[in-house]
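Input: a single structure, listed below in structure tokens.
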Amino acid sequence: LVCTSRWWYNYRHIANTISMYHILRENGFPDDRIILMLADDIACDARNPFPGQIFNSGAHDTNLYGEDVSVDYRGEDVTVDNFVRLMTGRTFMGTPPTKQLGSTANSNVFLYMTGHGGVDFLKFQDTEELSGQDLSWTIRQMFLAGRYKSLFFMVDTCHAESLLFHIGA
């Protein structure tokens, strides 16, 4: 689960990603099977009227950001390089297993990404972009390395469909 946005005005991206995390957990996926990349800066933002809490509705009935949320990549670690390394199995030596995608040729992988996008790119923290070509290359490398049986890719951004222009059948 990848939230590529940071800062207060991107609250919805962070809330959506943590909501997806909770949906997976509620459907039986253990935390060690979920990798969460999150800028993780809005819960304690001075503009947050509910310090330390994040909600996905105006009713503020369920705090999404509790002690049971395990963020694997946070803040400045949410980069294009770390995302590509994670997905292709090229993480740095010494990277804890919880920060590695231990998928195999028999794995079903769910990839959820949200943030700001444009035609053929997804921004990462307003400092860099993942292009559709880079994404295609990453998925192709995963396929060639036998890192999934099936891959379900869901992206929540403007111009999301343009990220698939380079992905072949």
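Because the structure is a prediction, the values reported are computed rather than measured.
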Identify the two heavy atoms, one from Tyr11 and one from Gln53, that lie closest to each other, and give their separation to 0.1 Å. OH-O, 4.2 Å
Between Ser70 and Asp31, is a side chain to side chain donor-acceptor pair (under 3.5 Å) present by the stated rule, with each step listed? CA-CA 7 Å; Ser70 178; Asp31 191 62; 3.2 Å; yes
CE on Met142 to CG on Leu86, rounded to 0.5 Å: 8.0 Å
Determine whether a donor-acceptor pair (N or O, by modelled atom type, separation under 3.5 Å) exists between the side chain of Thr157 and the backbone of Gly115. yes
Would one find more than 12 heavy atoms of other residues, nucleotides or ligands at under 6.0 Å from atom CZ of Arg33? no
Check: Gln100 side chain, Thr95 main-chain N or O, donor-acceptor pair, under 3.5 Å: yes
CG/Asp120 to CD/Glu161 distance, rounded to the nearest 0.5 angstrom? 10.5 Å
Would you check if Thr138 and Thr88 make a side-chain contact, meaning some heavy-atom pair closer than 4.5 Å? yes
Do Phe29 and Phe152 sit in the same hydrophobic cluster, where Ile, Leu, Val, Met, Phe, Trp and Tyr count as joined when their side-chain heavy atoms come under 4.5 Å apart? yes
Nearest non-hydrogen partners of Phe153 and Leu135, listed with the distance: CZ-CD2, 3.5 Å
State the CG-CZ distance between Asp81 and Phe83, to the nearest 0.5 angstrom. 11.5 Å
For a quick test of reading the model, state the closest non-hydrogen atom pair linking Thr98 to Ile35 and the distance between them. O-CG1, 4.0 Å
May I ask whether Tyr148 and Leu144 are part of the same hydrophobic cluster, defined by side-chain heavy atoms of I, L, V, M, F, W, Y residues being less than 4.5 angstrom apart, directly or through others? yes
Under a 4.5 Å cut-off applied to non-hydrogen side-chain atoms, are Tyr21 and Leu38 in contact? no
Hey, what's the ring geometry for His60 with Phe50, parallel, tilted or perpendicular (30° and 60° as the breaks)? tilted
Does the side chain to side chain contact (heavy atoms under 4.5 Å, CB included) test come out yes or no for Asn82 and Met37, once each step is laid out? CA-CA 10 Å; Asn82 281 342; Met37 298 182 92; 4.2 Å; yes
SG of Cys44 to CD1 of Ile54: how many Å apart, nearest 0.5 Å? 8.5 Å
Can you get from Leu111 to Trp137 by hopping between Ile, Leu, Val, Met, Phe, Trp and Tyr side chains that sit under 4.5 Å apart? yes
Closest contact, heavy atoms only, Leu64 versus Phe55: CD1-C, 3.9 Å
Does Val80 offer a backbone N or O that forms a donor-acceptor pair with the side chain of Glu128 under 3.5 Å? yes
Using atom types as modelled and distance alone, determine if a side-chain donor or acceptor of Ser103 lies under 3.5 Å from a backbone N or O of Arg147. yes
Strictly distance-based, threshold 3.5 Å: is any side-chain N or O of Thr4 a donor or acceptor partner for the main-chain N or O of Lys123? yes
Check whether any side-chain heavy atom of Thr114 sits under 4.5 Å from a side-chain heavy atom of Met20, and report yes or no. no
Quick test of your reading: applying salt bridge (Lys or Arg N to Asp or Glu O under 4.0 Å), list the pairs with at least one residue in residues 92-116, sequence neighbours left out, ordered by first then second residue. none
Euclidean distance, Leu130 CG relative to Thr79 OG1, rounded to 0.5 Å: 10.5 Å
Main chain of Gly89, side chain of Gln141: is a donor-acceptor contact present, judged purely on distance under 3.5 Å? no
Does any N or O in the side chain of Arg6 come within less than 3.5 Å of the main-chain N or O of Val78, such that one atom is a donor and the other an acceptor? no
Group every Ile, Leu, Val, Met, Phe, Trp and Tyr by side-chain heavy-atom contacts under 4.5 Å, then state whether Tyr73 and Val155 land in the same group. yes
Look at the side-chain heavy atoms of Ile, Leu, Val, Met, Phe, Trp and Tyr, link any pair under 4.5 Å apart, and say whether Leu24 and Tyr112 land in one connected group. yes
Which atom of Asp72 lies closest to which atom of Ile34, heavy atoms considered: OD2-O, 3.3 Å
Whether the Asn56 and Ser19 side chains hold a donor-acceptor pair (N or O, under 3.5 Å, no angle test) is what I'd like checked. yes
Side-chain (Ser107) to main-chain (Val109) donor-acceptor, under 3.5 angstrom: no
Show the numbers, then the answer: is there a side chain to side chain contact (heavy atoms under 4.5 Å, CB included) between Ile42 and Asn48? CA-CA 7 Å; Ile42 66 165; Asn48 189 346; 5.6 Å; no
Using atom types as modelled and distance alone, determine if a side-chain donor or acceptor of Arg90 lies under 3.5 Å from a backbone N or O of Met87. no
Can you give me the closest heavy-atom contact between Trp7 and Ile14, atom names plus distance? O-CD1, 4.4 Å
How long is the span from the CZ atom in Phe121 to the NE2 atom in His116, to the nearest 0.5 Å? 10.5 Å
